[in-house]
There are 2 protein chains.
Amino acid sequence: MSATEVAPVSGGSAPRSRDDVVAAAGRLFAKRGFHGTSMRDLGDELGMLGSSLYSHVRGKNELLVEVIAKGAEFFNGVVVAAAEQTGSAIDELRNLVYGHVHVVVDHIDEARTFLFESRFLPEANRRQIVEMRDAYEAAYRKVISRGIAEGDIAADVDPGITAIFILSVLNALIRWYRPSGERTAAEIADEMWAFISGGIVTGVSR
Amino acid sequence: MSATEVAPVSGGSAPRSRDDVVAAAGRLFAKRGFHGTSMRDLGDELGMLGSSLYSHVRGKNELLVEVIAKGAEFFNGVVVAAAEQTGSAIDELRNLVYGHVHVVVDHIDEARTFLFESRFLPEANRRQIVEMRDAYEAAYRKVISRGIAEGDIAADVDPGITAIFILSVLNALIRWYRPSGERTAAEIADEMWAFISGGIVTGVSR
DNA sequence: CCTACCGATCGGTAGG
DNA sequence: CCTACCGATCGGTAGG
């Protein structure tokens, strides 16, 4: 129970909001997967019966849609914010990378569900998410192309596959990030940026 | 039906081996997830009833264990083969990268199930797989450290987090690889190696 | 590999 | 948010 809640008269618990339900669904979908989470599991997490959830949401699919929509919004916000800045392509790319890291660190459950459970979305919603991911990737391709034009990114870099590689490093954070880890979000982003921008081999000829 | 099979007398189908069942389980677990695949789904895939599968395997968990064990064996083989070669750390790292790409391309279903469904393994098996993944990562850390000692990898590279980044790029292939794509396994490996070894920014000072 | 089942659990509903 | 359910589906078994 949070410090701001008033203790109920006898052994009860505060009523849950719809947002509480969606947040709890994010936690369980992230940990056990969509198909590995039952409505009764979710009820337990919230201290109520599975059947009681239907006064908050129409069904289990609706919860998946909402959790993933939240994840999509967070990631989309990074692209929008980076596009609003004026600066070199390298600066914009760095902003995209740092923004992505912060979304993962600040919203790990929604990010995990977004990345791993989208395939279980109803078809119409799934298509939307695929389109959004394509647009996200396209933003990376675009900024890489601009970086090549500006002379800051090597001319022999392929924007298409390089966008995939950069997003590979970023998305993998969703798998390995643990809040209890020793690195802060800023430290992780710094190390990622060094790896992405600089590679690892000394005096590479490219 | 494969070309080597003899057509059954009337509308039947050839009996399935245990290996057929495990291979089909890999296909479905990779596509729909472990919890998204029922024994009846798997029976359909093989042209038999779900209940008939129990003459081949003890249960659904056993199938997950076997598919993932196959994946683990393939990846482990790459580390063993790379360690047998004598050469510079850079050569060994390149062999590890190319070997990993080939396992993903040649055994995509087992690789996918290994990466995405291991968390649903019975606890004892899950622990084994976690240990195997730790050893796999340790092999990368070790070869990176050797590369630094040999002067071929920059001294300010952190072997621990860099191993994670390299494996991020490699493991993401499991998500985006499509056999119908335009790049061959060798081309993909070449591009990955260029990205990992060289970075993307021109004239980086490191 | 099929027939014929089993108990447990699933997502979900009616009515309060 | 609970009581009291529903039909469908789940993993799995006995016996052939």
Residue pair B:Ala185 / B:Val101: nearest heavy atoms and the distance that separates them: O-CG1, 3.6 Å

I need the full list of side chain to side chain donor-acceptor pair (under 3.5 Å) pairs touching residues 80-89 of chain A, with sequence neighbours left out, sorted by first then second residue. A:Ser88-A:Asp91

Inter- and intrachain pairs under side chain to side chain donor-acceptor pair (under 3.5 Å), touching residues 43-53 of chain A, at least two apart: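 Pairs touching residues 43-53 of chain A that pass the test: A:Arg27-A:Glu45.
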
Name all residues meeting the salt bridge (charged side-chain N to carboxylate O under 4.0 Å, His left out) criterion together with [X]; count only those two or more places apart in sequence or in a different chain, and write none if there are none.
{"X": "A:Glu137", "result": "A:Arg141"}
{"X": "A:Glu123", "result": "A:Arg126, A:Arg127"}
{"X": "B:Glu150", "result": "B:Arg146"}
{"X": "B:Asp158", "result": "A:Arg183"}

Treating a pair as Watson-Crick (purine N1 to pyrimidine N3 plus N6-O4 or O6-N4) or G-U wobble (N1-O2 and O6-N3) with both distances under 3.5 Å, list the stems of 3 or more consecutive pairs that involve DNA chain C. C:1-16 with D:1-16

State which residues pass side chain to side chain contact (heavy atoms under 4.5 Å, CB included) with A:Ala111; sequence neighbours excluded, sorted by chain then number.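 Expected list: A:Phe75, A:Ile174.
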
According to side chain to side chain contact (heavy atoms under 4.5 Å, CB included), who are the partners of B:Arg178, at least two apart in sequence or on a separate chain?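 So B:Arg178 forms a side chain to side chain contact (heavy atoms under 4.5 Å, CB included) with B:Arg112, B:Ser180.
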
Which residues within residues 20-29 of chain A lie with some heavy atom under 4.0 Å of an atom in DNA chain C?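 Here the set is empty: none.
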
When you measure from every atom of DNA chain C, which of residues 30-37 of chain A have a heavy atom less than 4.0 Å away? A:Thr37

What pairs of nitrogen or oxygen atoms, one from the protein and one from nucleotides 12-16 of chain C, lie under 3.5 Å apart?
residue, atom, partner, partner atom, Å
C:dG12, OP2, A:Tyr54, OH, 3.1
C:dG12, OP2, A:Lys60, N, 2.8

